[in-house]
S.K.: 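Have a look at the structure that comes next, please.
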Amino acid sequence: MTDDDRERWNQKYDGQSVLSTTAPDEWLIEAVEHIRREHSSEQLHRAVDLACGLGQNSIWMAQQGLDVDAVDISERGLQLASEFASANDADVQWITADLDQWQPTSSRYDIAVVFRFLDRISTPRIVREGLRLGGWLIYETFSNAQCDRADSHIRNPDYTLKPGELSETMF
């Protein structure tokens, strides 16, 4: 990422006020519930949310009892997220960082979460370093089929995954 990326995201969030309600991604809820139900012996303590944006997923995970580190390049987005978290009694560690340079503590996390963000270099490195052995990756991004949809804002296939790419080449 670059300073231009930081500025672009800060501008996106400028003028916005603290959110009154923001729901976490439904697939995140389903995935965490599945892990807890099907792997009840597995303890989930720490999570990292990469490119967390306004932090709704981070806040939800904190409300579920996880210790959450939420990382994003936008200071303005994290400021709004922090205010929303405070209003909802959620304790999240907000980390302003460029994911190209950010280094997680080795094997720190039980869950790594990435939603609608694709970086083929930094994200795999962070997940491999930060996720403990046997930990869970919950990842949602766009497939290249998204480019063919008439209602899609995504037109550049560089911002999408090819079938099988996530498991074959990224991790």
S.K.: Is W60 close to L28 at the side-chain level, that is, under 4.5 Å between some pair of heavy atoms?
M.R.: yes

S.K.: Could you check whether any side-chain heavy atom of Y139 comes within less than 4.5 Å of a side-chain heavy atom of V127, counting everything from C-beta outward?
M.R.: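 Answer no - side chains too far apart.
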
S.K.: With rounding to the nearest 0.5 angstrom, report the OG to CD distance, S82 to Q93.
M.R.: 10.0 Å

S.K.: Which pair of heavy atoms, one from I95 and one from L78, lies closest together, and at what distance?
M.R.: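 I95 and L78 have their closest heavy atoms at O-CD1, 3.4 Å.
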
S.K.: Does the side chain of V114 reach to within under 4.5 Å of the side chain of E140, using non-hydrogen atoms?
M.R.: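 No. Closest side-chain heavy atoms not under 4.5 Å.
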
S.K.: Any non-hydrogen side-chain atom of V113 less than 4.5 Å from a side-chain atom of V48?
M.R.: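 Not touching, per the 4.5 Å side-chain cut-off.
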
S.K.: Less than 4.5 Å apart, any side-chain heavy atom of W136 and any of H39?
M.R.: yes

S.K.: With a sphere of 6.0 Å drawn around CD of E26, does it hold more than 12 non-hydrogen atoms of other residues, nucleotides or ligands?
M.R.: no

S.K.: Going by the side chain to side chain contact (heavy atoms under 4.5 Å, CB included) test, name the single residue among T123, T141, D72 that passes it with F117.
M.R.: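 With F117 as partner, side chain to side chain contact (heavy atoms under 4.5 Å, CB included) holds for just one option, T123.
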
S.K.: Evaluate the criterion side chain to side chain contact (heavy atoms under 4.5 Å, CB included) for residue pair R108 and R132; output intermediate values, then yes/no.
M.R.: CA-CA 6 Å; R108 179 178 178 90; R132 68 165 171 76; over 6 Å; no

S.K.: Calculate, to the nearest 0.5 Å, the distance between atoms OG1 and CD belonging to T105 and E129 respectively.
M.R.: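 Between atom OG1 of T105 and atom CD of E129 there are 10.0 Å.
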
S.K.: For V32, run the side chain to side chain contact (heavy atoms under 4.5 Å, CB included) check against R36, E30, H34 and tell me which one passes.
M.R.: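 With V32 as partner, side chain to side chain contact (heavy atoms under 4.5 Å, CB included) holds for just one option, R36.
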
S.K.: Short question: side chain of E38, backbone of E33 - any donor-acceptor pair under 3.5 Å?
M.R.: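 Between the backbone of E33 and the side chain of E38 there is no qualifying donor-acceptor contact (under 3.5 Å).
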
S.K.: Rounded to the nearest 0.5 Å, how far apart are CZ of R8 and CD1 of I73?
M.R.: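 R8 atom CZ to I73 atom CD1 measures 9.0 Å (nearest 0.5 Å).
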
S.K.: Between S58 and V92, what is the shortest heavy-atom contact and its length?
M.R.: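 For S58 versus V92, the nearest heavy atoms are O-CG2, 3.8 Å.
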
S.K.: Is N57 reaching over with its side chain to a backbone N or O of P24, donor-acceptor style, under 3.5 angstrom?
M.R.: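 Not a single qualifying donor-acceptor pair exists.
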
S.K.: Please report the interatomic distance CE(M61) to SG(C52), rounded to the nearest 0.5 Å.
M.R.: 9.0 Å

S.K.: Rounded to the nearest 0.5 Å, how far apart are CD1 of I126 and CG of D119?
M.R.: 7.5 Å

S.K.: Say you draw a straight line from CD1 of I138 to CZ of F115; how long is it, rounded to the nearest 0.5 Å?
M.R.: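 Between atom CD1 of I138 and atom CZ of F115 there are 6.5 Å.
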
S.K.: For D67, is there an ion pair with R46 - N to carboxylate O distance below 4.0 angstrom?
M.R.: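 Yes, this pair counts.
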
S.K.: Which pair of heavy atoms, one from V71 and one from A97, lies closest together, and at what distance?
M.R.: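 Looking at all heavy atoms of both residues, the closest pair is CG1-CB, 4.0 Å.
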
S.K.: Are any of the side-chain heavy atoms of W102 and S122 separated by less than 4.5 Å?
M.R.: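 Side chain of W102 against side chain of S122, heavy atoms only: no contact under 4.5 Å found.
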
S.K.: Output, in order, the C-alpha distance, side-chain angles, deciding distance and verdict of side chain to side chain contact (heavy atoms under 4.5 Å, CB included) for Q56 and I59.
M.R.: CA-CA 5 Å; Q56 63 270 24; I59 292 166; 5.7 Å; no

S.K.: Using only atom types and a distance under 3.5 Å, with no angle test, would you say the side chain of D25 pairs donor to acceptor with the backbone of W27?
M.R.: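 Yes; at least one donor-acceptor contact below 3.5 Å.
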
